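Structure record follows, encoded as structure tokens.
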Protein chains: 2
Amino acid sequence: MNSDDPAVCCPPADDRPDLRPVEGDEADHELAALAKAVGHPARVQILRLLSRRASCVCGEIVDVLPLAQSTVSQHLKVLKDAGLVRGEIDGPRTCYCLDPRTMRRFKALLGGL
Amino acid sequence: MNSDDPAVCCPPADDRPDLRPVEGDEADHELAALAKAVGHPARVQILRLLSRRASCVCGEIVDVLPLAQSTVSQHLKVLKDAGLVRGEIDGPRTCYCLDPRTMRRFKALLGGL
DNA sequence: CGAGTTCATCGTGAAATGACGATAAAGCCT
DNA sequence: AGGCTTTATCGTCATTTCACGATGAACTCG
């Protein structure tokens with residue numbers, strides 16, 4: 001097997017179109033949930049960090065943010081539950097990256113109003 | 001004076017460019033605050049309502065949403081404090097409308113990541 | 001003036017959020 | 001195996017949010 005993947009956690013990009021509507025009750029709740037997840041400065045910082053480094057970071061986030069490790073982990077969970085971020089276990093650590101599909105969806109929903 | 005303005009509350013559109021950066025600590029907090037304001041289904045519904053009707057609504061929002069009047073007023077205050085919505089007193093009622101400038105800013109900030 | 005609207009604000013209680021330290025789980029290295 | 005690192009989860013506490021009814025302020029109209 002090719003054991004020389006340094007940080008293979010981010011999916012290889014998904015360009016399939018998203019056919020879900022950007023209006024209606026469903027879309028409203030979806031948008032609210034995504035916005036809520038982003039509605040905290042620390043989480044915005046995490047997202048920006050992940051968008052900068054194409055490569056996925058893990059515990060470096062803890063070093064950058066002025067927060068306790070458990071707090072950062074909580075924020076990562078919020079982002080992961082919202083689908084904005086993916087986490088892949090890589091040995092003893094976890095590798096995080098943006099989910100570009102959900103990011104696009106968020107922008108589309110916001111654009112819908 | 002021209003007293004025949006039916007609902008003159010929305011500003012006449014502002015096309016001036018927004019020169020503020022879309023990155024950095026300031027932008028992070030700005031984005032978080034905007035997202036937080038949008039992070040509730042009722043508030044998304046209000047925004048959508050206002051984006052539909054070019055004309056500004058006021059207490060019609062209360063009729064549409066399944067919430068008490070005071071609750072709707074609270075949500076409107078959140079949106080207003082975030083700058084996403086403008087309210088103009090028009091006689092005994094208040095006329096609300098989107099602030100397209102802030103909406104654009106929100107989309108620009110989100111686009112920045 | 002006085003009654004009736006319309007909306008904002010206050011006070012309150014239940015629930016969610018944000019932060020932390022402590023602890024547990026899972027993997028690496030010698 | 002044993003120790004070390006890394007991360008997730010738990011329990012807790014303080015704060016914020018959400019929803020409501022009640023009250024108050026401002027305006028219109030008879």
Side-chain angles (χ1 to χ4, degrees), chain A residues 1 3-9 28-29 32-47 49-50 55-82 84-97, chain B residues 3-9 28-29 31-47 49-50 55-82 84-97:
Chain A
M1 80 290 271
S3 61
D4 57 313
D5 8 51
V8 180
C9 85
D28 285 354
H29 281 77
L34 288 172
K36 186 174 184 178
V38 179
H40 191 286
R43 292 197 285 267
V44 173
Q45 283 186 268
I46 291 173
L47 291 177
L49 210 63
L50 293 178
S55 113
C56 318
V57 258
C58 46
E60 304 171 292
I61 302 172
V62 176
D63 295 336
V64 172
L65 300 193
L67 293 173
Q69 177 268 324
S70 58
T71 305
V72 173
S73 204
Q74 294 258 56
H75 284 304
L76 282 167
K77 177 172 171 47
V78 171
L79 292 172
K80 201 167 57 178
D81 289 348
L84 287 162
V85 146
R86 291 176 163 282
E88 187 133 332
I89 298 176
D90 173 26
R93 61 200 92 220
T94 307
C95 188
Y96 284 98
C97 58
Chain B
S3 59
D4 58 311
D5 8 50
V8 181
C9 84
D28 284 354
H29 281 78
L31 174 53
L34 289 172
K36 186 174 184 177
V38 179
H40 191 288
R43 293 198 284 269
V44 173
Q45 284 186 268
I46 292 174
L47 291 177
L49 211 65
L50 293 177
S55 113
C56 319
V57 260
C58 44
E60 304 172 290
I61 302 172
V62 177
D63 297 336
V64 174
L65 299 194
L67 294 172
Q69 178 267 323
S70 57
T71 305
V72 173
S73 206
Q74 294 258 57
H75 283 306
L76 282 167
K77 178 172 170 47
V78 171
L79 291 172
K80 202 167 57 178
D81 288 348
L84 287 162
V85 146
R86 291 177 163 283
E88 187 133 331
I89 297 175
D90 172 26
R93 61 199 93 222
T94 308
C95 188
Y96 283 98
C97 58

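Bear in mind the structure is a predicted one, so any value in this text is a computation, not a measurement. Every chain is numbered from 1 and lettered A, B, ... according to where its sequence line falls, protein lines coming before strand lines.
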(message) Just verifying a value: how many Å separate B:H40 NE2 and A:D28 CG, rounded to the nearest 0.5 Å?
(response) 12.0 Å
(request) Residues of residues 61-74 of chain A with any non-hydrogen atom less than 4.0 angstrom from an atom of DNA chain C: list those, numerically ordered, please. (result) A:L67, A:A68, A:S70, A:T71, A:Q74
(message) Return the CG to CG distance between A:L84 and A:L34, rounded to the nearest 0.5 Å.
(response) 5.5 Å
(message) Distance check, rounded to the nearest 0.5 Å: A:D90 atom CG versus A:E88 atom CD?
(response) 8.0 Å
(message) For A:K36 and A:G59, find the nucleotide of DNA chain D closest to each by heavy atoms; which residue's nucleotide sits nearer the 5' end?
(response) A:G59
(request) Can you sort out the partners of A:K77 under salt bridge (charged side-chain N to carboxylate O under 4.0 Å, His left out), two or more places apart, ordered by chain and number? (result) A:D81
(request) Measure the spacing between OG of B:S73 and NE2 of B:H75 and express it to the nearest 0.5 Å. (result) 10.5 Å
(message) I need the B:I61 CD1 to B:Y96 OH distance, nearest 0.5 Å.
(response) 7.5 Å
(request) Please report the closest heavy-atom contact between A:L65 and A:A42, naming both atoms and the distance. (result) CD1-O, 4.1 Å
(request) Name the first nucleotide and the last nucleotide along DNA chain C (5' to 3') that come under 4.0 Å of a heavy atom in chain B. (result) C:dT6 to C:dT9
(request) Could you check if a side-chain atom of B:V85 sits within less than 4.5 angstrom of a side-chain atom of B:L47, using non-hydrogen atoms only? (result) yes
(request) To the nearest 0.5 Å, tell me how far B:C95 SG sits from B:R86 CZ. (result) 12.0 Å
(request) Using atom types as modelled and distance alone, determine if a side-chain donor or acceptor of A:R43 lies under 3.5 Å from a backbone N or O of A:A37. (result) yes
(request) Take the C1' atoms of the five end pairs on each side of the helix from C:dC1-D:dG30 to C:dT30-D:dA1, get both axes, and report the angle to 10 degrees. (result) 20°
(request) Quick one: list whatever passes side chain to side chain contact (heavy atoms under 4.5 Å, CB included) with A:P92, sequence neighbours left out. (result) none
(request) State, to 0.1 Å, how close A:V38 and A:V44 come at their nearest heavy-atom pair, and which atoms those are. (result) O-CG2, 3.2 Å
(request) For residues B:K80 and B:G87, report the shortest heavy-atom separation together with the two atoms involved. (result) CD-N, 4.0 Å
(request) Could you pick out which residue, A:V78 or A:I89, lies toward the 5' side of DNA chain C when each is mapped onto its nearest nucleotide? (result) A:V78
(request) Heavy atoms of chain B, cut-off under 4.0 Å: which first and last nucleotide of DNA chain D, 5' to 3', fall inside that, if you could look? (result) D:dT17 to D:dT28
